[in-house]
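Just so you know, ligand 1 is whichever comes first in the structure, and atom 1 is the first atom listed for that ligand. Hydrogens, waters and symmetry mates are skipped; everything else that's a heavy atom, side chains included, is used. Here the structure is a predicted model, which is why all the values come from computation and not from measurement.
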Amino acid sequence: MFAQALARREPSKRHRVVVFVDANVAAGWPTLVHEIPAYAQGHGDCMELVAPPELVPGGEHIKNEPAQVTRLQHRLMELGIDRHAFVVGVGGGAFLDLIGFVAATTHRGVRHIRIPTTVLAQNDSGVGVKNGVNAFGIKNLLGCFAPPFAVLNDARYLRTLHPRDKIAGIAEAVKVALIRDAVFFEWLEANVQGLRDGAPAAMSRMIRRCAELHMRQIAHGGDPFESGSARPLDYGHWAAHKLEALTAHELRHGEAVAIGLALDTRYSVQVGMLPAGGDERVYRLLKRLGFYLWHPAMETHDSEGRWLLLRGLEEFREHLGGELTITLLRDIGRGEEVHHMDPDEILRAVAWLHRLETGQ
Ligand SMILES: NC(=O)c1ccc[n+]([C@@H]2O[C@H](COP(=O)([O-])OP(=O)(O)OC[C@H]3O[C@@H](n4cnc5c(N)ncnc54)[C@H](O)[C@@H]3O)[C@@H](O)[C@H]2O)c1
Ligand SMILES: [Zn+2]
């Protein structure tokens, strides 16, 4: 499969390849670093590993270390990687965001193959076109759009995932179902037990449908590089990104997204867009999947009394420029863009969630 993807354009060439592996993936699959060179040797007619697989730490903190970007760019130069060679990344969403950025910025873009190893990376981030790292306290501030040469999802990687990460990634499936696909949402409700338990059949089907919906948006949505003001697949994400930063990434991306979904769904009901009951339905699904939908950071204020969560709205707008554009819900399965959110209504939605999660 890998060899086929590699040789897709130039079948008779021997391709030069460097492989970076998320260290946590390698820890869970200790023989992987030996299996990769063995595979390369077995396919010696079409590929040549320029170095043994290299381990790079994984997790969100890797996106906060500018030195990693420079170190890896330097490494590509040392290895003589040119634009016809391949940089392969095997790892979680954070690791792939970093490796993709390194590949896209070296020689103005080296061919890049992603092998995502988390639920979130397989159903969302790994199949996208965005790369980047965090800087100056802002998530994904430095980055670029660069479509990967290929993305290969392999369910075997998910076996060693921390249970928390298995669940967290499902938030992106709930998100895309809510704004695009009511039938998928009903399927998620009907299969909640299998998903919560990480049952392979349910997980595979969920990942496939979610990845499909993400790819369709990129390929046919009309704005793959987000030059407009909308981030059509980022439902629930204005609050999520802010919460990740406010909790110093104590919340996983998917966990923060789940909170953002509950909040914006409740808001959609409050302002009369989504019929009443939709909020409870979404809340129920997220709870049954195993999400905890509250974090004290949602209520923190700065020394001048400004509510920090609300800054997330402005940061969301600043990221794209132009007019604030937020997706809310018109129905289960149908998102709708708005250009304003009322802080008092957001506060009421936060209070609703607080009440449900803490009983106060
Ligand atoms: N580029 C995009 O379009 C896009 C979209 C959504 C999210 N993202 C980004 O993706 C990141 C989140 O990705 P994530 O949820 O995959 O988290 P992650 O990459 O932080 O992975 C979670 C943890 O699991 C480890 N891990 C990865 N695969 C493993 C495996 N198979 N077995 C054991 N451990 C494993 C990682 O090293 C890490 O410690 C965030 O930075 C988010 O901003 C990017
Ligand atoms: Zn996301």
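- With a heavy-atom cut-off of 4.0 Å, D97 touches ligand 1 through its side chain alone.
- A salt bridge links R164 with E255: the closest approach of a Lys/Arg side-chain nitrogen to an acidic carboxylate oxygen falls below 4.0 angstrom.
- The closest protein non-hydrogen atom to atom 20 (O) of ligand 1 is G59 CA, 3.4 Å.
- Here the protein heavy atom with the shortest distance to atom 32 (N) of ligand 1 is T160 OG1, 2.7 Å.
- Residue D124 has no nitrogen or oxygen atom sitting less than 3.5 Å from a nitrogen or oxygen atom of ligand 1, judged on distance alone.
- Remark: E60 CD to E250 CD distance equals 13.5 Å, nearest 0.5 Å.
- When hydrogens are left out, the protein atom nearest atom 5 (C) of ligand 1 is S125 CB, 3.3 Å; that is the closest non-hydrogen contact.
- Taking any N or O of N131, backbone or side chain, none lies under 3.5 Å from an N or O belonging to ligand 1.
- Within the 4.0 Å heavy-atom criterion, the part of L120 lying near ligand 1 is the side chain and not the backbone.
- Interface atoms of ligand 1 facing Y157, defined by a heavy-atom separation under 4.0 Å, are 30 (C), 31 (N).
- Annotation: H84, atom NE2; neighbour count of heavy atoms from other residues, nucleotides and ligands within 6.0 Å does not exceed 12.
- Ranking the protein heavy atoms by distance from atom 11 (C) of ligand 1 puts A94 N, 3.5 Å first.
- Of the protein's heavy atoms, G93 N, 4.3 Å lies nearest to atom 17 (O) of ligand 1.
- Counting heavy atoms under 4.0 Å from ligand 1, residue E60 touches it through both backbone and side chain.
- Put simply, CD1 on I113 and CG on L96 are 12.5 Å apart, with the number rounded to the nearest 0.5 Å.
- The distance criterion of under 3.5 Å between nitrogen or oxygen atoms is not met by E172 with respect to ligand 1.
- Residue G128 places every heavy atom at 4.0 Å or more from ligand 1.
- Counted within 6.0 Å of CZ on R205, heavy atoms from surrounding residues, nucleotides or ligands total 12 or fewer; the atom is thus considered open.
- Given atom 16 (O) of ligand 1, the protein heavy atom at minimum distance is T118 OG1, 2.5 Å.
- Under a 4.0 Å N-O distance rule, the pair R311/E314 does not qualify as a salt bridge.
- Other residues, nucleotides and ligands contribute only 12 or fewer heavy atoms inside 6.0 Å of the CE atom of M215.
- Polar contact check, R252 against ligand 1: no nitrogen or oxygen pair lies under 3.5 Å apart.
- Closest approach of L285 to E189, counting heavy atoms only: CD1-CA, 3.9 Å.
- Distances from ligand 1 to the non-hydrogen atoms of R159 include no value under 4.0 Å.
- Ring pair W29/Y157 is tilted by interplanar angle, where 30° to 60° counts as tilted.
- Heavy atoms of K139 found under 4.0 angstrom from ligand 1 belong exclusively to the side chain.
- Per residue H253, closest N, O or S atom to the Zn ion (ligand 2): atom name NE2.
- Under 4.0 angstrom from ligand 1, the non-hydrogen atoms of L161 come from both its backbone and its side chain.
- The ring of H253 has its center closer than 6.0 angstrom to the ring center of H237.
- The cationic atom of R180 (NZ for Lys, CZ for Arg) does not lie both less than 6.0 Å from the six-membered ring centre of Y235 and within 45° of the ring axis.
- The shortest N or O to N or O distance between G91 and ligand 1 is not below 3.5 Å.
- A salt bridge does not link E315 to K139: none of the charged nitrogens lies less than 4.0 Å from a carboxylate oxygen.
- Inclusion of E244 in the set of residues having an N or O under 3.5 Å from an N or O of ligand 1 is not warranted.
- Looking only at heavy atoms of the protein, atom 23 (C) of ligand 1 is closest to D165 OD2, 3.7 Å.
- The ligand atoms of ligand 1 that sit less than 4.0 angstrom from a heavy atom of V25 are 27 (C), 28 (N), 29 (C), 30 (C).
- From the protein, the heavy atom lying nearest to atom 25 (C) of ligand 1 is N24 CB, 3.8 Å.
- Distances between N or O atoms of L158 and those of ligand 1 include no value under 3.5 Å.
- Taking a 6.0 Å sphere around CZ of R108, one finds it holds 12 or fewer heavy atoms contributed by other residues, nucleotides or ligands.
- A salt bridge is defined here as a Lys NZ or Arg NE, NH1 or NH2 lying under 4.0 Å from an Asp or Glu carboxylate O, and R111 with E10 meets this definition.
- Ring-plane geometry between W307 and H301 is classed as parallel, the angle between the planes falling under 30 degrees on a 0 to 90 degree scale with a further cut at 60.
- Listed by number with element, the atoms of ligand 1 under 4.0 angstrom from any heavy atom of G58 are 37 (O).
- Metal site remark for the Zn ion (ligand 2): E172 contributes an N, O or S atom at a distance under 2.8 Å.
- Of the residues listed (E357, R266, R288), the one engaging Y283 in a side chain to side chain donor-acceptor pair (under 3.5 Å) is E357, and it is the only one.
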